[in-house]
Amino acid sequence: MDQSAVLEARRLYNARLALKADKTRAVWFPIAVLAVLLALPLLQLTSSNYNYVLHLVLYTASYVVMASGWNILGGFAGYISLGHNVFFAIGGYFAGMIYARYGVSTIILAPLAGLVAAVVGYVIGRITLKVRGPSFIISSLALVMIFRILFDNWDFVGGAAGVSLPAIDLPVKWAKVPYYYAFVVMAAVTVYATYRIKHSKFGLGLRAISKDEIKAESAGIDTRFYKTLAFAMSAFFVGMAGAVWGEYLTYIRPNIFLIILVSVNMVLMCILGGKGTIAGPVIGAILIVAFNEACVIFFGGSEINILATGLVMALALMFFPLGIIGSLARSGRLPRILNWD
Amino acid sequence: MLTVTNLCKHFGGIRAVDGCSFTAEAGKITALIGPNGAGKTTAFNCISRTMAPTSGEVWLDGGRIDHLRPHEITAKGLSRTFQISRNLADMTVLENIVCQAPIRGWRGLMKPAMPPEEVAKAEGILEFLGISRLAHEDGANLSYGQKKLMDFAALLMSDPKIILLDEPAGGVNPSLLEEIIGHIRKLNEAGLTVLIVEHNMDLIMRLSHRVVVMAQGQVIADGPPEMVREDPAVLDAYLGGALEAA
Amino acid sequence: MAHTLQILILGLALGGVFALMGAGLSLVFGVMRIVNLAHPVMIIGGAYVAYWGFRLWGVDPLVTLPIAAVILAAVGVILYKVVFEKEAKAATYSEMTVLLTFAVAMIIEGALGTAFSNTQRVTSPDYATDAIFIGDIFIPTGQLYAGIVSLVIISGLALFLKYSRFGYAIRATTQNRDAASLLGVNVNLVSMVSFAIGVGLAGAAGALVSFVFSFFPAKHWEWIAILMSLVVLGGMGSILGTVVAAFLLSVIAAFVGAYVGATWSTMTFFLALFLILIVRPQGLFGDKPELA
Amino acid sequence: MTELLTVTGITAGYGDGPAILDGAHLTVEPGKVHCIIGPNGAGKSTLLKAICGMLKIRKGEVRFKGERLNGLRPDQIYRKGIVFVPQERALFPKMSVRENLRMGGFIMDDAHELDRRVEEVMERFPILKERAHQKAGTMSGGQQQTLAMARTMIIKPDIVMLDEPSLGLAPKIVKEMFEIMAMMAKDGITILLVEQNALMGLKHADWGVVLDLGRTLFEGPAAEVLGDPRIQELYLGGKRAA
Amino acid sequence: QEGPIKIGASLPLTGNFSIAGQKHRQGYQLCIDLINEKGGINARQVELIVSDNRSDPATAINQYERFINVDDVDAVYGTFSSRLTFPVASILAKNNMVHPVPAGGALRIYTQGHKNIFYFQPNAAEYAGASLKEVIETLVPADNRPTTAAVVAADDFFANAIEAGLLGTTVTDPADGSVVADLSPGYLEQVGIEVVFNEKWPEEGFNDWLNLANSIKQSGAELIVGLTASAEEAVQLTRALKTVRATPKLVYLSQGTQAEFAEGTGSSADGILVHSSWHIDAPFQSVLVGEPFGNPEFAVAFKEAYGEVPDEDSAIPFAVCQAIEQAMTATGTTDNAKLGEWLSARTNDDPVRTILGRFAWDERGLPVDKPHLMTQWNDGELQFVFPTDEFKTSEMSYPKGGF
Ligand SMILES: Nc1ncnc2c1ncn2[C@@H]1O[C@H](COP(=O)(O)OP(=O)(O)OP(=O)(O)O)[C@@H](O)[C@H]1O
Ligand SMILES: Nc1ncnc2c1ncn2[C@@H]1O[C@H](COP(=O)(O)OP(=O)(O)OP(=O)(O)O)[C@@H](O)[C@H]1O
Ligand SMILES: [Mg+2]
Ligand SMILES: [Mg+2]
């Protein structure tokens, strides 16, 4: 009964598994990225105008906030929501209207707007989180439609026509900078927060919920509370992004926030990067924004644009079902600098 | 400690549990046996509230628990395993187990997911069950028996006062079973109350202090193992004279 | 009174069309656990077949209907082969397919838009803008024909699924893929065929839609949520449920549209969805979920 | 010796994971009961899955009546006459008991014959007759096991492979189950079973196989396996079995 | 300064406004091609950069920023629809660009105090109803005027604006609740018409046209005012009215001058009034690169380039392009501040001359002294019926009767 060769093979495999378990992180990398981003507006001191670069980074950062926020519910707890732009809208309208009427900057209001979104999220979650899987996804779609109709018919906020907000009183070259910092800082905070959540008992509980709710419940996890809390938390971040986004665009209107493309972007970024991972939404956001930009450059934005986006999405899903980060991690080829989990 | 009185669970016309009452005494090992479809698993489900009982009461430590939600019952110190193991895919065995560790209050929520002391404890349990090499394997990638073992390990993680085991021996290798029996006994001696469903009569006879026999949703016999074993009703309904084989 | 009856008729007429639009979606979900977000855009694909048939040769959309169904079914086969076959075994299948079909929807929309531009189209056979008047009450013939045709198709399908051997195979594959294949069912073939049927239904629905609504490639976004609500309301995967939900909600929506305001009529579908989630999460005809 | 099924040195695993089976071999003779034993995670279930086509065989081959089975789909292998009841039972949870049984004869063309067989099998297992309209997924653990077992009897295959058939069955039913198996064997149906209830399994078997770490460690007449002290020590619960 | 003059335009080439968006592109492109043929502006060729904003405001904003910051354009052309123009206006103002607006009639766009915004249609949408009022006063026999009206409108910026004028509501700015314009009593009341039915349908996802048409019919209104946001909706509404066999005396739609409308509705279109900013029969005197260029030439050039007869959706952008060309030629630069100054300084005596006629603007950017034209479909042809005093017009048919 010779067992040594088999044992050896098994040992190697087990060693690989163990290796996967403790991979030291390259903490310096995200910090370095952040530092570079914080210094980027200095470019404006040169003679050329880098507004569009700032815009792209800011835009990406705003999606990092949203996608990472979405990730708390969709990635950790496994409830895919195609309706998170509702909170984007709530944040945007709440802060935007206060800004329009009382002139308080939305950057200051953002956390408060997030909180409002979170409260609404909590209430909605109590209803929709009763179902999971496809039914939940569809309920989230319906949620968008409901809010769309409500906002369209709410005269106080300008109905379907929306409200235009006063533009910030800075020279063109510097007008983007406050928003730039707001979004970059929010993105950093959100990513760090999701990291903390994932590595907390709460995060572990969410992951359990995403796999088997009955088992999780009998393991002592208050599933209903956990998932509604997750819903509220993710609504918080998305709402925060919405708050500043409105002022940045100088315009709030239902079909800026409540179009399906916004929530699809969040989902797509997470899936492409790696749902449930920390770096995933960041990578996803960068890739999707870059991709959209490339589409605009090469196709001038057209039907082909939509076709190409769909193709990329389909290919990503087919070949990286776990997302780029997730798939690389599974095969053990994830560069250390991207292992933020 | 755990008292079930007049528990009923009906599914349409099927009376899975039909007015069943029994008690699991503190510090004792109580076995629940009976033919297939007797209602044992359903009774477990009603006790742990994975299902809502149609009627009847469940008392734990003098408090009624049949209106609580499952996690609240778990928090009161009652943990269970499932007959068909439920495990969490995409989470390592270690995470599967640590996930069952109790969490206290709001502040507990934000504590680290895998604190060293819990990991150490989990690893200890895995070591004992002989599956420590699987600690970092995906929970879904285990064999049937290994999953049962993992369930058992997770159960021990939650520091329960009473555990409900649904066929813990099913699909487990006999050699390992010996050790598990030993372990359950040790835990019991340390004060843990055990309620166990099993078809392995050998195990039941050796382990349990008291045996409750169910058939068609009702308790048909209740007493020390030796007595139950002789009971003609039990022999007829359940054992079919098969005992001499074991 | 006459007015009420009129609104009821208009609601029912619209319900017939929605029923067929939702039926294919429900079938594909019921059978394959695919939430086919591309279903509405496939309907639009079917509508284009009818449109070009009508525009180039003046063929009645009702005649083009089987052709649209076959063409779309062929598209379904290709899609299944390319996209879904590989995914079919994955554990997170159901969720994955939501996103995959979303991507497919964008691809089809983009392709249709590139080919036919995003101009609104509509076929206008004479009956499309005609109505049968009984006294003051009228029944729009376009929607009447569409409703009758769709009910015929749906009943045929339901019978086929219930009584044919293939229907058995479909249900078995849905419930336990491995088990079905261990009992001699070629599960890949079954999945492919049932997906093709579902997509073919979209094609058929498209032919009807072509003269009932106006359409353009991007229009499908407007339908997704409505059709999905029907499916959830009916109980995921229950064709009967979807049909009942379609009629029920269309009628309610018609009354809301007439008495509360046109803006609020689509709201009916979504509010109903939320109501049902509160009182009966499994939908009208769905199975009760595991944990009560 | 006329083998019905031969497995020679097969290597197989899940996805692109490590090889779970690592050169396992097995010979199955017609009309006999074969029992595979081994510790948890030895690869017993994996072996059966590899034979019936659910897993890709990386190396080695499986021959059935001289024909290579490698690379065939499960449904093709089933049609050749190999029935497999996995450990998870493979029922259709939302179909009724009767429909589940009917699915057992899915490949039969004669609907009346199928109905007749279903009735016959239900006669044999009264609980199934009683619960003919209950959904399989709501049956108790043991009832499901009975149903899965009964379903194999709808058609007359050459080989029935059972993964732990006694799992979750009451002692009385276990006994019946083994009796039925003996009867099937007498009818010329070859049986290959995996058992953790090893004593019971080996006692009713003609041939015993010990599998560990993905390899066949021992193969021989069941009595011989039962008698081997090393095997007793390692796999049968040691001293107590003696 | 070498190289071509670059001009950017973000248009809704896809999405809800795609028909209009495509036609706008044709209008812009045709004009620029003609300019280049004639030697360009100030001896420089002109390059048009168009990108598709999918009818989405956020995308439109982004694309104009791209034009300014990345493509480094010398000037921009406006986009289509009030919806998209509203947000774009702020961004262009912020960047000190001249903003010529081909379509974006809602008053609120012009009351935000932006400099250098210029509207290229007769007047703000709120005042468009004035021509309907005048048509009824002058062309409809006094003893047979409609006395009741059903007013249905898309929930759209532009449609709502026209509705506000007709119904005489107060337009407020939701940002601070201030009053933008008080339009009471409204044009309909001024001609003694009572509104018996008033309804809105949502901007997207509305399918229930028959129900709406039925309600209109039930109301018994003699005048049907359909304030559709696009030609597509106009087709739907008309078909539904035909199906329910409504028999109003007069029908007025806010969109529907396009060939697509005639194609989708056939003979039902007969007798329907649509207001317009342009008609081929209006013999306005215009200039292109210093040479006279009239509507007939425009129509010929358009037909040659695209094989179709132009409609207002191509004519308006053409006019925009003409005006910017005239400004650049006159000032000899592409400096937007100078261009803006020049355009602002136009008066009725020294206007910009386009195929839409003369343009001079008030300080808000709205044209002064320009009435809307009224057109009517008759026998598959869009006829020019009002105003009657300026040029030759066709006879208006009345009453409409059935569809
Ligand atoms: N959801 C359900 N719907 C209908 N009947 C059910 C349901 N769940 C269980 N039953 C029936 O209730 C009875 C009791 O089932 P239960 O699972 O409790 O049996 P058990 O004692 O655990 O049997 P086993 O030893 O085979 O596991 C069985 O007859 C079963 O068919
Ligand atoms: N789906 C899977 N993916 C990856 N690895 C798996 C999978 N299923 C089982 N394994 C691994 O394969 C090995 C053998 O599993 P197998 O199920 O064949 O064991 P077994 O002998 O049947 O054990 P048991 O008696 O517990 O059923 C185990 O170590 C297990 O970790
Ligand atoms: Mg049980
Ligand atoms: Mg096994």
Side-chain angles (χ1 to χ4, degrees), chain A residues 6-7 9-23 75-78 193 195-227 229-230 233 274-277 321-323 326 329-330 332 341, chain B residues 44-45 48-51 69-82 85-104 106-115 118-119 132-141 151 154-155 157-160 164:
Chain A
V6 192
L7 281 174
R10 285 293 164 80
R11 202 187 54 73
L12 281 175
Y13 176 67
N14 292 335
R16 215 176 88 203
L17 283 175
L19 196 75
K20 207 153 63 177
D22 72 0
K23 197 166 188 182
F76 299 162
Y195 170 82
R196 284 301 303 268
I197 289 173
K198 183 166 181 182
H199 292 268
S200 68
K201 285 282 172 203
F202 177 56
L204 191 63
L206 290 183
R207 287 171 63 202
I209 287 172
S210 79
K211 297 309 169 199
D212 183 344
E213 245 163 87
I214 296 178
K215 166 79 183 196
E217 182 79 23
S218 82
I221 292 166
D222 185 348
T223 52
R224 194 161 69 194
F225 174 67
Y226 272 48
K227 51 193 189 181
L229 188 62
M233 280 185 172
K275 176 162 81 87
T277 64
L322 299 172
R330 165 128 329 170
D341 282 287
Chain B
F44 265 28
N45 284 342
S48 67
R49 204 52 171 74
T50 336
M51 269 177 192
R69 302 210 4 245
H71 70 93
E72 292 167 326
I73 293 175
T74 310
K76 284 201 181 302
L78 184 148
S79 291
R80 67 166 298 189
T81 63
F82 290 89
S85 152
R86 308 185 82 112
N87 48 73
L88 307 166
D90 281 341
M91 286 170 68
T92 64
V93 171
L94 209 54
E95 285 170 332
N96 260 283
I97 295 174
V98 170
C99 157
Q100 198 125 350
I103 301 165
R104 310 232 176 274
W106 267 92
R107 225 159 327 125
L109 274 187
M110 288 324 274
K111 283 227 189 82
M114 310 276 288
E118 286 176 15
V119 172
S132 59
R133 69 177 185 87
L134 294 171
H136 299 289
E137 180 67 89
D138 187 331
N141 290 355
D151 271 12
L155 193 68
M157 197 67 205
S158 61
D159 279 329
L164 273 55

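These numbers come from a predicted model, not from an experiment. Letters A, B, ... mirror the listed sequences (proteins, then strands); counts begin at 1.
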Checklist line | Contacts of type salt bridge (charged side-chain N to carboxylate O under 4.0 Å, His left out), residue A:Arg207, not counting sequence neighbours | finding: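 Testing A:Arg207 for salt bridge (charged side-chain N to carboxylate O under 4.0 Å, His left out), a comparison that skips the adjacent residues, returns B:Glu95.
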Notebook entry, point to check: With B:Arg69, which residues qualify under salt bridge (charged side-chain N to carboxylate O under 4.0 Å, His left out), at least two apart?
Noted result: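 Counting only residues at least two positions away or on another chain, B:Arg69 forms a salt bridge (charged side-chain N to carboxylate O under 4.0 Å, His left out) with A:Glu217, A:Asp222.
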Next item on the list: Work out which heavy atom in A:Arg196 is nearest to a heavy atom in B:Met110; give both atom names and the distance.
Entry: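 Result for this residue pair: NH2-O, 4.2 Å.
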Note to self: Please find the pair of heavy atoms, one from B:His71 and one from A:Ile221, that lie closest to each other, and give the distance.
What the structure shows: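 Taking every non-hydrogen atom into account, CB-O, 3.3 Å.
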Out of curiosity, [X] [atom1] to [Y] [atom2], how far, rounded to the nearest 0.5 Å?
X	Y	atom1	atom2	result
A:Glu213	B:Leu88	CD	CG	11.5 Å
A:Ser218	B:Gln100	OG	CD	6.0 Å
A:Lys215	B:Asp151	NZ	CG	4.0 Å

Notebook entry, point to check: Among B:Leu109, B:Val98, B:Ile73, who wins on heavy-atom pairs under 4.5 Å with chain A?
Noted result: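 Top option by heavy-atom pairs under 4.5 Å: B:Leu109.
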Notebook entry, point to check: Quick check: does any side chain N or O of A:Lys201 sit under 3.5 Å from a backbone N or O of B:Ala113, one acting as donor and the other as acceptor?
Noted result: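 Side chain of A:Lys201 to backbone of B:Ala113: a pair is present.
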Check: Would you say the side-chain atoms of B:Thr74 pair up with the backbone N or O of A:Ala219, donor to acceptor, closer than 3.5 Å?
Finding: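 The answer is no, because no donor-acceptor pair under 3.5 Å joins these two groups.
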Notebook entry, point to check: Taking C-beta and beyond as the side chain, do A:Ile214 and B:Pro70 meet within less than 4.5 Å on heavy atoms?
Noted result: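 Not in contact.
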Margin query: With heavy-atom distances below 4.5 Å as the criterion, would you say the side chains of B:Lys111 and A:Leu204 are in contact?
Written below: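 In short, these two side chains do not touch, never coming nearer than 4.5 Å.
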Notebook entry, point to check: Of the backbone (N, CA, C, O) and the side chain (C-beta and beyond), which part of B:Pro112 lies under 4.5 Å from a heavy atom of chain A, both, or neither?
Noted result: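 Contact with chain A involves both backbone and side-chain atoms of B:Pro112.
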Item checked: Under 4.5 Å from a heavy atom of chain A, the part of B:Ile103 involved ->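 Only the side chain of B:Ile103 comes within 4.5 Å of chain A.
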Note to self: Taking every non-hydrogen pair under 4.5 Å, which of A:Gly276, A:Ala216, A:Gly220 racks up the most with chain B?
What the structure shows: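 So the answer, after comparing A:Gly276, A:Ala216, A:Gly220, is A:Gly220.
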